Asker: 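The structure that follows is given in the form of structure tokens.
Since this is a predicted model, take the numbers as computed values, not measurements. In what follows, chains carry the letters A, B, and so on, assigned in the order in which the sequence lines appear, proteins first and then strands, with residues in each chain numbered from 1.
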Number of protein chains: 2
Amino acid sequence: MKMTPQRVAIMDFLDGNQAHPSADDIFSSVRKRFPSMSFATVYNTLERLRGEGQLMEVSIDPARKRYDPDTRPHHHIICSGCGAVADIHREFDLSVPQEERGGFSIDSNHVEFYGLCPKCT
Amino acid sequence: MKMTPQRVAIMDFLDGNQAHPSADDIFSSVRKRFPSMSFATVYNTLERLRGEGQLMEVSIDPARKRYDPDTRPHHHIICSGCGAVADIHREFDLSVPQEERGGFSIDSNHVEFYGLCPKCT
DNA sequence: GTTTTTGCTAGAATCATTCTTAACTTAGAA
DNA sequence: TTCTAAGTTAAGAATGATTCTAGCAAAAAC
């Protein structure tokens with residue numbers, strides 16, 4: 001993967017970012033340094049990073065995709081008020097007996113918690 | 001809520017439906033009986049039913065909203081192959097210690113399991 | 001029966017995302 | 001250097017889901 005300035009800027013923005021930004025959040029921020037930045041570049045880079053396992057797409061927000069640079073398996077808590085998302089790093093016992101799996105095999109899981117963030121409480 | 005023929009048709013389609021249909025699935029099916037049916041009517045009715053608690057919106061599919069007439073709290077398993085969704089009716093111990101909640105309050109949760117459905121296995 | 005409210009259709013508008021195309025950059029070959 | 005090929009970008013068009021708007025029709029309220 002060629003490290004172009006645009007890609008570096010996107011990766012810098014994502015690095016350590018715990019806000020679970022949307023493509024638009026990333027675009028808006030990186031655009032400040034690269035006013036000519038295109039939306040396509042953001043999506044292309046995100047898809048590329050996802051393919052390389054450096055990034056996770058999280059389907060948490062029904063309106064848009066959110067991206068998470070923390071690729072370790074973990075869970076999320078979503079604020080019902082403002083949509084803020086935080087990580088929950090904790091393992092749960094989520095075993096499902098064979099007969100309750102409806103014939104599906106299971107190989108991973110993800111828990112979404114809903115509640116209110118400190119600001120919305 | 002006024003029971004118009006269109007609404008009855010939509011509710012009939014949803015009643016007992018375990019396929020977690022999208023708005024388009026509902027539209028396509030109900031349209032057979034009501035060729036003049038409009039998409040707006042589907043969305044309006046779904047939003048109305050949701051408001052009355054007769055329906056849940058499930059953010060399981062990143063591409064589109066899915067609807068579930070089973071409003072009891074339960075979890076889902078999603079086929080990574082074809083996107084099929086099945087219910088998991090089982091309770092898990094998902095307590096999170098105060099100090100791991102990042103200041104959020106928690107009032108509900110939802111588990112997504114990923115795997116392969118019988119057809120895709 | 002007239003007025004008011006509600007719901008319907010059709011299509012336009014919006015918004016996120018994907019696709020297409022042409023220009024550009026860079027590395028390496030000649 | 002010059003040329004070429006591969007990979008990248010910008011711009012904007014295309015797509016697809018969802019929401020909005022306007023006008024008409026039907027039902028409910030008066």
Asker: Given side-chain hydrogen bond (donor to acceptor under 3.5 Å, both in side chains), test B:Asp87 with B:His20 step by step and report yes or no.
Answerer: CA-CA 9 Å; B:Asp87 292 338; B:His20 306 79; 2.7 Å; yes
Asker: How about CD on A:Glu57, more than 12 heavy atoms from neighbouring residues, nucleotides or ligands closer than 6.0 Å, or not?
Answerer: yes
Asker: Output the rounded distance in Å from CD (B:Glu47) to C1' (D:dA17).
Answerer: 15 Å
Asker: 5'-most contact on DNA chain C: B:Pro35 or B:Lys2, nearest heavy atom basis?
Answerer: B:Lys2
Asker: Would you mind telling me which of C:dC8, C:dT9, C:dT17 lies closest to the side-chain atoms of B:Ala40?
Answerer: C:dT9
Asker: Nearest-Å distance, CZ (A:Arg7) to C1' (C:dT25)?
Answerer: 13 Å
Asker: Where the side chain of A:Lys65 is defined as all heavy atoms beyond and including C-beta, which of C:dT9, D:dA10, C:dT18 is the nearest nucleotide?
Answerer: C:dT18
Asker: Give a yes/no on whether any side-chain N or O of A:Thr4 is located under 4.0 angstrom from OP1 or OP2 of D:dG7.
Answerer: no
Asker: Want to settle it: does A:Arg48 or A:Phe39 sit nearer the 5' end of DNA chain D, counting the closest nucleotide to each?
Answerer: A:Arg48
Asker: Go through the side-chain N and O atoms of A:Asp25 and A:Ser22 and say whether any donor and acceptor fall under 3.5 Å apart.
Answerer: yes
Asker: Tell me what A:Ser36 touches on the nucleic acid: a base, only sugar-phosphate, or nothing, going by heavy atoms under 4.0 Å.
Answerer: sugar-phosphate
Asker: Can you measure B:Met1 atom CE to D:dA28 atom C1' for me and round it to whole angstrom units?
Answerer: 17 Å
Asker: How close or far is atom C1' of D:dA25 from atom CD of B:Gln6, stated in whole angstroms?
Answerer: 11 Å
Asker: Considering only C:dT9, C:dT17, D:dA10, which nucleotide approaches the side chain of A:Tyr43 most closely?
Answerer: C:dT17
Asker: Compare all side-chain heavy atoms of B:Leu14 with those of B:Pro21 and state whether any distance is below 4.5 angstrom.
Answerer: yes
Asker: Report the distance from atom CG of A:Asp61 to atom P of C:dC15, rounded to the nearest whole Å.
Answerer: 15 Å
Asker: Quickly work out the A:Asp25 CG to C:dT17 P distance and round it to whole Å.
Answerer: 10 Å
Asker: In whole angstroms, how far is the C1' atom of C:dC8 from the CG atom of B:Asn44?
Answerer: 9 Å
Asker: Using the test side-chain hydrogen bond (donor to acceptor under 3.5 Å, both in side chains), find all partners of A:Glu47 that sit at least two apart in sequence or belong to another chain.
Answerer: A:Arg50
Asker: Between C1' on D:dG7 and CE on A:Met3, what's the gap in Å once rounded to a whole number?
Answerer: 14 Å
Asker: Test for a donor-acceptor pair under 3.5 Å between the base of C:dA10 and the side chain of B:Ser38, counting only N and O atoms.
Answerer: yes
Asker: Could you work out which one of C:dT17, D:dA17, C:dG7 sits closest to the side chain of B:Arg64?
Answerer: D:dA17
